[in-house]
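Accompanying notes for the structure given below.
Both counts, for ligands and for their atoms, begin at 1 and track the order of listing.
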Amino acid sequence: MSRENAIIIGSDHAALELKEKIKKFLLDKGVSVEDAGTHSPASVNYADYAKKVAGAVSRGEFPRGILLCGTGLGMSMAANRFSNVRAALCSDVFSVKMSRLHNDANILVLGGRILGDILAFELVQTWLDTEFEGGRHLDRIESLDRN
Ligand code: RB5
């Protein structure tokens, strides 16, 4: 699979169903998807899947990723520990749009126990369609990895 525009996606058990639906939504649109798991409803540690997805984005193996857990909180905490990762936990369209325009968010984090399917698809679509504005925001995001 060419990873140039592919999306790596991962979830824990609490958001498995929504992950599967988002995966289908993306595949139906012709977007390549790498599924990092989880693949069953058995209880797992969200951090293990955050590490797979955020690690791959951090190393530049995938340009973008999507992470889901029950609330999205654990996934966003875990993902944002990785350098070069800007994971945005969003549940509204405006925040998703701004996460791309101003923050160049390279991981979208969603809460499977928070969102309905239709809203989740709209958030994903908005995130895919919105480009980073650059300009003054570039210095700001570059400073994130400097202590
Ligand atoms: C799992 O029960 C739940 O804690 C997890 O999905 C997530 O919401 C953690 O932040």
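A salt bridge links K24 and D28; the closest N-O separation between the charged side-chain nitrogens and carboxylate oxygens is under 4.0 Å.
In the vicinity of D12, heavy-atom distances shorter than 4.0 Å reach the ligand 1 atoms 1 (C), 5 (C), 6 (O). The distance from ligand 1 to the heavy atoms of G70 drops below 4.0 Å at these ligand atoms: 5 (C), 6 (O), 7 (C), 8 (O). Each of the following atoms of ligand 1 lies closer than 4.0 Å to a heavy atom of G74: 9 (C), 10 (O).
No heavy atom of M77 sits closer than 4.0 Å to any atom of ligand 1.
By heavy-atom distance, the residue among T71, V109, L73 lying nearest atom 8 (O) of ligand 1 is T71. Evaluated by nearest non-hydrogen atom to atom 7 (C) of ligand 1, the leading choice among A50, A15, C69, S11 is C69.
Taken to the nearest 0.5 Å, the CD atom of E142 stands 10.5 Å off from the CG atom of N84. One finds the NZ atom of K19 at 9.0 Å from the OH atom of Y49 (value rounded to the nearest 0.5 Å). Atoms CD1 and CZ, on I8 and R64 in that order, are 14.5 Å from each other to the nearest 0.5 Å. Between D104 atom CG and R140 atom CZ the span is 14.0 Å, to the nearest 0.5 Å.
Taking both residues in full, the closest heavy atoms of L110 and C90 are given as CD2-O, 3.5 Å, listed atom of the first, atom of the second, then distance.
Of all protein heavy atoms, the one closest to atom 2 (O) of ligand 1 is R113 NH1, 3.4 Å.
In terms of N/O distances under 3.5 Å, ligand 1 is not approached by Y46. Looking at ligand 1, you won't find any N or O of A14 less than 3.5 Å from one of its N or O atoms. Backbone and side-chain nitrogen or oxygen atoms of M75 are examined, and none is located within less than 3.5 angstrom of a nitrogen or oxygen of ligand 1.
For the pair F121 and K21, the minimum side-chain heavy-atom distance is below 4.5 Å.
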